[in-house]
Amino acid sequence: MNTTENANHWQYAGGQSAMALLTPAVRATARNRARYAVDNNGSIDGAVDRLANHIIGTGPRLQVMTKNREYNRRYQKAFTAWAKRIGLARKLRLAVRAQAIDGETLGVYFTNKPLRHKVKLDFQLIECDRLAAPFNATQNDGSDGIVFDDFGNPMAYQVLRHHPGGLEAATGYDVDTYTADRVFHLFHCRRIGQKRGLTQLVATLPLYEQLRRYRLSVLAAAETAADLAGVIKTQTSPDNPDELEPLDPVDIVRRTLLTLPMGWDISQLRAEQPTTGFSEFSDSISGECAQPLQMPFNVAQAKSAGYNFASAKIDLMIFAKANDIYTDDVEELVLEPLLEKWHEEASRIPGLIDGSNDRDTPPDHDWFWDVNDLLDPREAGSKATLISNGMMSYAEYYGDRGMDWQAEQEAQAQALGVTVEEYRALLRQKLFGSPEPEENESGEQEQENEDTATEGNHAEAA
C-alpha cells in the first residue's frame, strides 16, 4: 500500500552497498552514541561486561596433543606463564567489550622488551578510532585505513599515532603503517563486502534512550507528587483578611492532625506513576536491547525470577552456541597467529620448549574455554552411562566442560597415590573388565610405546 504513512516509514530504505552505508562519519556517529548509551545505562553496561565474561571467562587454555607427555606439559606451562604475563585473558575480555560497543577492535603485535618472560612477544589493543587513513589519502571504498589487494585480502593497516579525540596534538597526518601479519582485526560482519565494523547495539540505540526517558518520567512524577503534598481549598469570600495568598506554601508538621479555619478544606495528592506497568515496560525494552548480543533476558538482567530450571537452561544453550561461534573466531583470528609467533620465538630460546624440531609450526593442539553450564544431576548420570557403554570418551566429556582430560587424569592419579598408567588400568577394568589394553595384530600398541620413548630421547638430547 503506497499510503503516505507507509511511504514515510520506508523513506530511508535504499540500495547502497555495505561500505557506502558504513562511511567513517556514520560509523563514528553510531560508535559515539553507543558509548554514551553504555555510560549512562547500567543495564546495558552490565550486559556487555557479562558478554565478555561469558565468552572469554578466565581465558583460553592451551592443550598440546603430542605423544610426548613431558614435552606437552613443558610447552603448556611455558605458554600459560607467558599468557599471564601479558594479561591475555584481560585483553581478550576488553576486545570483546570494544567490539560490542564500538563495532570493531584492533590488535598490533610488538616486542615488549621489559616483559618479565623469556618470550618478549606481546600485543597492544588499539581503539578503532585510530584505524583511519591520513587526511591527505584518498580511499573511495570506505575501508578508511585498511589497504587491500585485488582479491580483497588486507595487506596493511594505517593507524593514527594519536587518538583523534585525545589530549595529544593529533594532526591526522601522523600515521604508522603495519603489515597485515602484525595486526588482528575483529569485527562483526553483517553484510557481504563489509570491511569495517558497526556497533552491535545500533539497532537498539533508540530503545535505550526511550527506557532512560521513561525512567526519568516515572521518577519525576513520583518526586512531583512527593514535593507537592496537597492543596488547601476554601469557600470563604476573597475579601476575608485572613485568607492565604494564592500558591503560598504551608509547612506541615509530621505525624500530626491539623484543624482548619471555618470554610477551609484540604485534599492530598496521590503519587501515581505515568502508567502502572513500569516493570513490564522496562523488562520488555531490556530484553529486546539484549537481542543483538544474542543474550537471553535472565543473563542481560542478571535475574531469573519466574524461570524454571529447564527454561533457564534452554535460553543459556542458545547463548552458549553464540559464544562458541565467537570463541571460534577468536581462535582463528587471534590465538592461532599469536601461537605461531610465540612458537617461533620460544623455539629459539634454549631450555624453554626443547623437543620441537619444527620452529615454524606449533605442535598439534587444542584450545579450551570456561564452560558456563548448569549442573543437572540427570545429565551427569546420562553422561556416566555413555562413558560406561563406550559411546563417549573421557576426552569428549572433559572437553565439554572446558577441561584438559590428560591433566585431570594426572591430577586424579596423584590424589589417589597411583601412577597415571595404574589409574587408567583401573578405569579400564571398571568400565570393560580388562586391566590392560589388548594389542592388535599389527602391534600398534607396541609401536606407540616405541614412538613415545623415541620422542623422549630426542627431547633429552636437545
Side-chain angles (χ1 to χ4, degrees), residues 53-84 88-89 92 313 316-317 320-321 323-324 327-328 330-331 335-336 339 342-343 353 355-356 362-438 445 448-449 451-453 455-456 459:
N53 293 339
H54 275 76
I55 293 176
I56 303 300
T58 58
R61 293 180 295 279
L62 175 67
Q63 181 190 25
V64 181
M65 299 185 297
T66 69
K67 296 178 181 179
N68 189 335
R69 289 201 296 269
E70 178 59 31
Y71 171 72
N72 296 347
R73 284 192 292 266
R74 186 166 58 248
Y75 197 104
Q76 292 169 186
K77 182 179 179 180
F79 182 85
T80 301
W82 170 81
K84 289 184 178 297
L88 178 61
L92 291 179
K313 188 170 183 64
L316 286 177
M317 288 172 61
K321 176 58 65 176
N323 293 347
D324 289 343
T327 53
D328 186 69
V330 173
E331 291 177 15
L335 295 182
E336 290 299 328
L339 182 61
W342 186 90
H343 176 83
I353 56 169
S356 174
D364 291 339
H365 61 277
D366 201 355
W367 300 98
F368 288 97
W369 302 82
D370 295 345
V371 176
N372 303 286
D373 193 15
L374 294 176
L375 184 60
D376 187 350
R378 293 170 297 180
E379 185 176 352
S382 63
K383 287 186 176 181
T385 303
L386 292 176
I387 292 175
S388 63
N389 292 335
M391 301 175 66
M392 173 180 281
S393 66
Y394 281 101
E396 182 182 359
Y397 174 76
Y398 283 111
D400 290 342
R401 302 178 64 187
M403 304 165 71
D404 182 347
W405 69 274
Q406 292 181 340
E408 295 303 319
Q409 288 193 351
E410 290 172 1
Q412 183 71 349
Q414 183 179 3
L416 296 175
V418 297
T419 65
V420 178
E421 288 74 15
E422 291 172 339
Y423 175 72
R424 291 174 179 170
L426 293 172
L427 283 179
R428 284 192 294 269
Q429 186 174 16
K430 176 178 175 58
L431 294 175
F432 309 113
S434 174
E436 297 292 340
E438 296 182 0
Q445 182 66 34
E448 181 178 338
N449 294 336
D451 292 341
T452 303
E455 291 187 8

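Quick note: numbers below take in every heavy atom, side chains included, and nothing from hydrogens, waters or symmetry partners.
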Novice: Would you check if Leu416 and Glu422 make a side-chain contact, meaning some heavy-atom pair closer than 4.5 Å?
Specialist: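 Of all side-chain heavy-atom pairs linking Glu422 with Leu416, none is under 4.5 Å.
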Novice: Can you establish whether the number of heavy atoms outside Met65 located under 6.0 Å from its atom CE is more than 12?
Specialist: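 Yes, CE of Met65 has more than 12 neighbouring heavy atoms, counting only those of other groups under 6.0 Å.
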Novice: Find the distance between OG1 (Thr58) and CG (Leu88) and round it off to the nearest 0.5 Å.
Specialist: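 The distance works out to 10.5 Å.
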Novice: Under a 4.5 Å cut-off applied to non-hydrogen side-chain atoms, are Pro60 and Val330 in contact?
Specialist: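 No, side chains not in contact.
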Novice: Please work out which of the three classes, parallel, tilted or perpendicular, describes the rings of Phe79 and Trp342, given edges at 30° and 60°.
Specialist: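 If you compare the ring of Trp342 with that of Phe79, the planes turn out perpendicular.
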Novice: Between the main-chain N or O of Lys77 and the side-chain N or O of Thr80, is there a donor-acceptor pair closer than 3.5 Å?
Specialist: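 Here the side-chain-to-backbone pair does not exist.
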Novice: For Gly59 and Ala89, which heavy atoms make the closest approach, and how far apart are they?
Specialist: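 Nearest pair, atom of Gly59 first, then Ala89: CA-CB, 3.6 Å.
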Novice: Do Tyr75 and Tyr71 make the cut of ring centroids closer than 6.0 angstrom?
Specialist: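 Centroid distance Tyr75-Tyr71: below 6.0 Å, so yes.
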Novice: Heavy-atom count around Gln414 CD within 6.0 Å, excluding the residue itself: above 12?
Specialist: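 For Gln414, atom CD is not crowded (no more than 12 foreign heavy atoms under 6.0 Å).
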Novice: So among Glu336, Gln63, Glu331, which one has a side-chain hydrogen bond (donor to acceptor under 3.5 Å, both in side chains) with Trp367?
Specialist: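 It is Glu336; the other options fail the test.
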Novice: Less than 4.5 Å apart, any side-chain heavy atom of Arg73 and any of Val64?
Specialist: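 No - every pair of side-chain heavy atoms lies 4.5 Å or more apart.
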Novice: Run the side chain to side chain contact (heavy atoms under 4.5 Å, CB included) test against Val420 and tell me which residues pass, sequence neighbours left out.
Specialist: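 Testing Val420 for side chain to side chain contact (heavy atoms under 4.5 Å, CB included), a comparison that skips the adjacent residues, returns Glu410, Ala413, Arg424.
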Novice: Work out which heavy atom in Ile55 is nearest to a heavy atom in Thr327; give both atom names and the distance.
Specialist: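 Heavy atoms only, the tightest pair is O-CG2, 3.5 Å.
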Novice: Rounded to the nearest 0.5 Å, how far apart are NE2 of His54 and CG of Asp370?
Specialist: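 So the gap between those two atoms works out to 10.5 Å.
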Novice: For His343 versus Ile353, what's the shortest heavy-atom pair and its separation?
Specialist: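 Reported closest heavy-atom pair: ND1-CD1, 4.0 Å.
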